Amino acid sequence: MSMTDVLTGWTFTRSIRNNTEKHIISALNAAVDCLPLPVLGMDFAGGSELINHGVVKWAGNLDTYFTRSRPYRKNDQATIESKNNHLVRRYAFYYRYDTSAEREVLGRLWEQVNVKPSFLTPTRKPVGWGTDKAGRPGRLYDAPRTPLDRLLDTDALTKTQKTDLIAYRNQLNPAAITRRIVELQDVLIRLAKDKTDQLYLTQIPSILPDVHKGVRLRKAS
């Protein structure tokens, strides 16, 4: 499960066993506890794992408004859908993970990965439309800033919270985080690569002839 804050770009990712109500709500609770900003509302994709009575009740108990994307409108979820590629698949690959050991490694991986985009990675946000020197229309973007910098500019945090977040950011070692991510990725590769490759091969028919059946030749007339 991935979540992102529209205003700041702060990101939270967590792997769960499956998409049953119990695990979905567990991930949502973890997100609310981990995010430094107050969660006032959530907008979900249209899947039944998120649009159901249990999640609606959960949001109501937190006094959090609940919205959903429109059917057949993929751009409604553009902010989070973009994370599927450069965040989820970039760091966790396309492998099949179906064991408790793999899920535990994924959990440790996301603890490291979540730090990079929120504390250390500047991003640009679109602020309007304009034209270039040739008169061609295009998007206008603000200056690159990290989600933490954008969050510090808001009134959502107390002075103490801002001080704690800045102190945490200042003690981070990007090189050490990257090394730890690579170590965990190596573990995931050892656990999942071979079985994923085998599963992939069984689903794709071979384009080569079956040598065990021999090669049939057309008889000369």
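Keep in mind it's a predicted model, so treat the numbers as computed, not measured. Throughout, numbering of the chain's residues begins at 1 and tracks the sequence.
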Could you give me the CA-CA distance, side-chain angles and deciding distance for Asp5 and Thr8, then say whether side-chain hydrogen bond (donor to acceptor under 3.5 Å, both in side chains) is met? CA-CA 6 Å; Asp5 177 57; Thr8 64; 2.7 Å; yes
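- The closest side-chain heavy-atom distance from Tyr91 to Leu188 is not below 4.5 Å.
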Would Ile51 and Phe66 count as a side chain to side chain contact (heavy atoms under 4.5 Å, CB included) if you check the C-alpha gap in whole Å, the side-chain angles of each, and the deciding distance to 0.1 Å? CA-CA 10 Å; Ile51 310 299; Phe66 185 107; 3.8 Å; yes
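- The environment of CZ in Arg68 is crowded: more than 12 heavy-atom neighbours from other residues, nucleotides or ligands sit within 6.0 Å.
- Residues Asn18 and Thr20 share a closest heavy-atom pair of OD1-OG1, 2.7 Å.
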Working note: Ile181 + Ile177, criterion side chain to side chain contact (heavy atoms under 4.5 Å, CB included); need CA distance, chi angles, decisive distance, verdict. CA-CA 6 Å; Ile181 288 174; Ile177 293 174; 4.0 Å; yes
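- Between the side chains of Thr146 and Asp149, at least one donor N or O lies within less than 3.5 Å of an accepting N or O.
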Candidate pair Met42 and Leu50, rule side chain to side chain contact (heavy atoms under 4.5 Å, CB included), full reasoning: CA-CA 11 Å; Met42 291 187 176; Leu50 294 169; over 6 Å; no
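- Relative orientation of the Phe93 and Tyr95 rings is tilted, given thresholds of 30° and 60° on the angle between their planes.
- Here the closest heavy-atom approach between residue Glu49 and residue Val55 is recorded as O-CG2, 4.0 Å.
- Thr4 and Trp10 are not linked by any side-chain donor-acceptor pair at a separation below 3.5 angstrom, with hydrogens and angles left out of the test.
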Report the C-alpha distance between Thr13 and Val113 in whole Å, list the side-chain angles of each, state the deciding distance to 0.1 Å, and finish with yes or no for side chain to side chain contact (heavy atoms under 4.5 Å, CB included). CA-CA 8 Å; Thr13 303; Val113 171; over 6 Å; no
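- Note that CD of Gln185 and CZ of Arg90 are 9.0 Å apart. Values are rounded to the nearest 0.5 Å.
- Within a 6.0 Å sphere centred on CZ of Arg136, heavy atoms belonging to other residues, nucleotides or ligands number 12 at most.
- The existence of a salt bridge linking Arg108 and Glu104 is confirmed by a sub-4.0 Å separation between a basic side-chain nitrogen and an acidic carboxylate oxygen.
- The environment of Lys22 atom NZ is sparse: at most 12 non-hydrogen atoms of other residues, nucleotides or ligands sit within 6.0 angstrom.
- Using a 4.5 Å heavy-atom cutoff, the side chains of Leu140 and Trp129 are not in contact.
- Salt bridge absent: Arg14 and Glu111 never bring a charged side-chain N and a carboxylate O closer than 4.0 Å.
- Contact check on Arg17 versus Asp98 returns no salt bridge, with no Lys/Arg side-chain nitrogen under 4.0 Å from an Asp/Glu carboxylate oxygen.
- Interatomic distance, NZ of Lys193 versus CG of Asp186, reported as 12.5 Å (0.5 Å rounding).
- Considering only heavy atoms from C-beta on, Met1 stays 4.5 Å or farther from Trp110 through its side chain.
- Residue-environment remark: NE2 (His86) exceeds the threshold of 12 foreign heavy atoms within 6.0 Å.
- Atom NZ of Lys195 is surrounded by more than 12 heavy atoms from other residues, nucleotides or ligands within 6.0 Å.
- Atom CG of Asp33 is surrounded by more than 12 heavy atoms from other residues, nucleotides or ligands within 6.0 Å.
- For the pair Leu152/Leu148, a side-chain contact is recorded, criterion being any heavy-atom separation below 4.5 Å from C-beta on.
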